[in-house]
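Reading through the structure tokens given below for one structure.
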2 protein chains.
Amino acid sequence: MNDLTQDIAPIPALTMADVVELRLREYLKKKSFRPGDALPKEQELADALGVSRNVVREALSRLRMLGMIDTKKKRGMILTQPDILGSFERVLDPLILSQNTLQDIFELRLVLEMGLADLLYVRKTDKDIEELEAIVNEEVHQIQKPFRVEHEIAFHGKLYQMTGNETFLRFQSMLLPVFEYVVDFEIKASGNTKVGKITHRDLVHILRTGKAEDFRQGMKEHLSPHFERLAKS
Amino acid sequence: MNDLTQDIAPIPALTMADVVELRLREYLKKKSFRPGDALPKEQELADALGVSRNVVREALSRLRMLGMIDTKKKRGMILTQPDILGSFERVLDPLILSQNTLQDIFELRLVLEMGLADLLYVRKTDKDIEELEAIVNEEVHQIQKPFRVEHEIAFHGKLYQMTGNETFLRFQSMLLPVFEYVVDFEIKASGNTKVGKITHRDLVHILRTGKAEDFRQGMKEHLSPHFERLAKS
DNA sequence: TAATTTCTTTTGTACTACATAATAAAGGTG
DNA sequence: CACCTTTATTATGTAGTACAAAAGAAATTA
């Protein structure tokens, strides 16, 4: 463990843009700005903060990326509902994330799948189950790699959609590719390619006839190869 | 439903900074940049893209906020491991999120709690349980509001910490305040303040003597007032 | 050779200028 | 008087220049 940056926090070295971003956040919070409210114009902010408009724009550019503000020429800027997952999505690239983080995300997705049952059973409808069944019937003969992943996404994605929770659905659709990346990586390393005894079809059957607890046990079995990969620390 | 913006997507209206941000992402991906690699200097990027350095800086400012790049004077910019939750944190303010999103996050946290058991049982140690017990003993006589939340965070936070998953721990510590906000809001509306029959202390006991499945059932019971709040759609 | 001083380079910040789009105001026409 | 058209007006978007500051690199000296 010779990576000092892990133990010693780097010096902040805030730039003006960093500070302005913070100050703007404070300002919005203190003044209880709500979505739809208009912000002061750039030059006014720059004057008030004693910095150049340039710096203000860099900070605003960040908030704009987060979906916190929306700007129109002349009309000025207004506060908006941020897209809470948008920025997350920007950063979720397996190639630039550390092995540790990838593992964390892998586990996070396992936890989500295991916790899904209760919410699912509150919201599921017969129509949902039929659609899910249709998805399962589509995948029947496809075993090759790219197709398998596609069906994995379709099936599990539908499960999340059934919860009626949009954030949840998007979140999982972002996590799953990372999950698959980790699985692929480990399969290549270990050669272990076994799959769970419970198939997607079995899960649908449980959804029809069983209880939430049965579904969770089925999911656990379905994901068992992944659980076996979990290291003891 | 007279809010047109819900149905009709707004015109993108990309600014140069938006485009440059995208192009930089593509560039980094295409060239397989890895953490530690040095980026071209700002002026070179500006020339290559045919825009002013100003615009490039706005885009870089965004990437810097996401923790994707780190810049030092003279030495230039290098790619870094992004902080995948940092930007999430910036946006997770109950006051600016829609009721729908708040509800989604509320549910997300419930799902996480319910899915926690398996991972927890793989990783938990006796020392962890002792520490958890200490936390429970601390909270024994405190029932007032601010203390309750504090203990809620301490207890559940410890559970997540026991999974050894740093991302997970941070994630929950960000979700929990939003969760509490939603709960508060609903309590004020309905007056319903009942709590689950299973206490933190009971959960620790289960953790000592029971199996993962027992713990999950205990958690379900512990969270039952919240599950009852879930609307059927 | 090693320590110190002096370039040199690249980011950080400021300022100016102007294009552009969207609104507001003014003016004309039925 | 109301309605349409045209003309300012104004705030953001973009470009470009200039210079301060920090951090290496190079040169100089002991």
Side-chain angles (χ1 to χ4, degrees), chain A residues 4-5 8-24 27-28 31 33 35-80 82, chain B residues 4-5 8-24 27-28 31 33 35-80 82:
Chain A
L4 261 172
T5 61
I8 299 181
I11 295 155
L14 295 181
T15 66
M16 282 296 174
D18 294 325
V19 176
V20 170
E21 188 205 333
L22 281 169
R23 294 287 293 275
L24 284 178
Y27 171 71
L28 296 177
K31 286 278 192 173
F33 271 84
D37 293 353
L39 275 70
K41 49 196 84 159
E42 294 178 354
Q43 192 59 60
E44 286 175 6
L45 290 173
D47 293 344
L49 291 162
V51 297
S52 78
R53 188 158 83 96
N54 224 325
V55 169
V56 171
R57 278 187 64 80
E58 282 189 28
L60 289 173
S61 179
R62 298 178 180 189
L63 300 185
R64 212 170 300 129
M65 177 185 64
L66 297 177
M68 291 182 68
I69 61 175
D70 200 17
T71 71
K72 296 226 164 63
K73 302 212 176 188
K74 161 106 180 174
R75 197 175 156 197
M77 298 174 288
I78 58 171
L79 217 65
T80 54
Chain B
L4 261 172
T5 60
I8 299 180
I11 295 153
L14 294 181
T15 66
M16 282 297 175
D18 294 324
V19 177
V20 169
E21 189 204 332
L22 281 170
R23 295 287 293 274
L24 283 178
Y27 171 72
L28 295 177
K31 286 278 191 172
F33 272 84
D37 292 353
L39 274 71
K41 49 196 84 158
E42 293 178 354
Q43 191 59 60
E44 286 175 6
L45 290 172
D47 293 345
L49 291 162
V51 297
S52 78
R53 187 157 84 96
N54 226 327
V55 169
V56 172
R57 279 187 63 80
E58 281 190 27
L60 289 173
S61 179
R62 299 178 179 190
L63 301 186
R64 211 170 301 128
M65 178 184 65
L66 297 178
M68 292 182 67
I69 60 176
D70 199 17
T71 70
K72 295 226 165 63
K73 302 212 174 186
K74 160 104 181 175
R75 198 175 156 195
M77 298 174 288
I78 58 172
L79 216 66
T80 53

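Proteins get letters first, then strands, A, B, ... in listed order; numbering begins at 1 in each.
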[X] side-chain proximity, nearest of [options]:
X	options	answer
B:T15	D:dT9, D:dT14, C:dA14	D:dT14
B:E42	C:dG12, D:dA11, C:dC15	C:dG12
A:K74	D:dT12, D:dT14, D:dA11	D:dA11
A:V51	C:dT11, C:dA14, D:dT14	C:dA14
B:V55	D:dT14, C:dA14, C:dT11	D:dT14

Please determine whether a side-chain nitrogen or oxygen atom of [X] lies at a distance below 4.0 Å from atom OP1 or OP2 of [N].
X	N	result
A:R53	C:dA17	no
B:R64	C:dG12	yes
A:R75	D:dT10	no
A:S52	C:dT13	no
A:K73	C:dT20	no
A:T71	D:dA11	no

Would you kindly give the [atom1]-to-[atom2] distance between [X] and [N], to the nearest whole Å?
X	N	atom1	atom2	answer
A:R57	C:dT13	CZ	C1'	15 Å
A:E44	D:dT10	CD	P	13 Å
A:D18	C:dT13	CG	C1'	13 Å
B:L49	D:dA15	CG	P	10 Å
B:K72	D:dG24	NZ	P	8 Å
A:I78	C:dA22	CD1	P	14 Å
B:D70	C:dG12	CG	C1'	14 Å
A:M16	C:dA14	CE	C1'	11 Å

- Query: Can you check side-chain contact (heavy atoms from CB on, under 4.5 Å) on A:L39 and A:L24, steps first, answer last?
  - Reply: CA-CA 10 Å; A:L39 275 70; A:L24 284 178; 5.7 Å; no
- Under 3.5 Å donor-acceptor pair, B:N54 side-chain atoms to D:dG13 base atoms: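 Donor-acceptor pair under 3.5 Å: no.
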- Task: Assign each of A:Q43 and A:E58 to its nearest nucleotide of DNA chain C by heavy atoms, then name whichever residue's nucleotide is nearer the 5' end.
- Result: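 Nearest nucleotide further toward 5': that of A:E58.
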- Query: Is the shortest heavy-atom distance from the side chain of A:V20 to the side chain of A:V51 under 4.5 Å?
  - Reply: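 Heavy-atom side-chain distance check passes, below 4.5 Å.
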- Item | Sequence-distant partners of B:K72, salt bridge (charged side-chain N to carboxylate O under 4.0 Å, His left out), two or more places apart |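 Partners of B:K72 by the salt bridge (charged side-chain N to carboxylate O under 4.0 Å, His left out) criterion, ordered by chain and then number, come out as B:D70.
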- Message: Does this structure show an ion pair linking A:K41 with A:D47, if we count only N-O contacts that are shorter than 4.0 Å?
- Response: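 Salt bridge: no.
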- Message: Could you check whether any side-chain N or O of A:T80 sits under 3.5 Å from a backbone N or O of A:P35, counting only pairs where one atom can act as donor and the other as acceptor?
- Response: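 Here the side-chain-to-backbone pair does not exist.
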- Item | Shortest non-hydrogen separation from B:A17 to B:R62 and the atoms involved |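 Nearest pair, atom of B:A17 first, then B:R62: CB-NH2, 4.0 Å.
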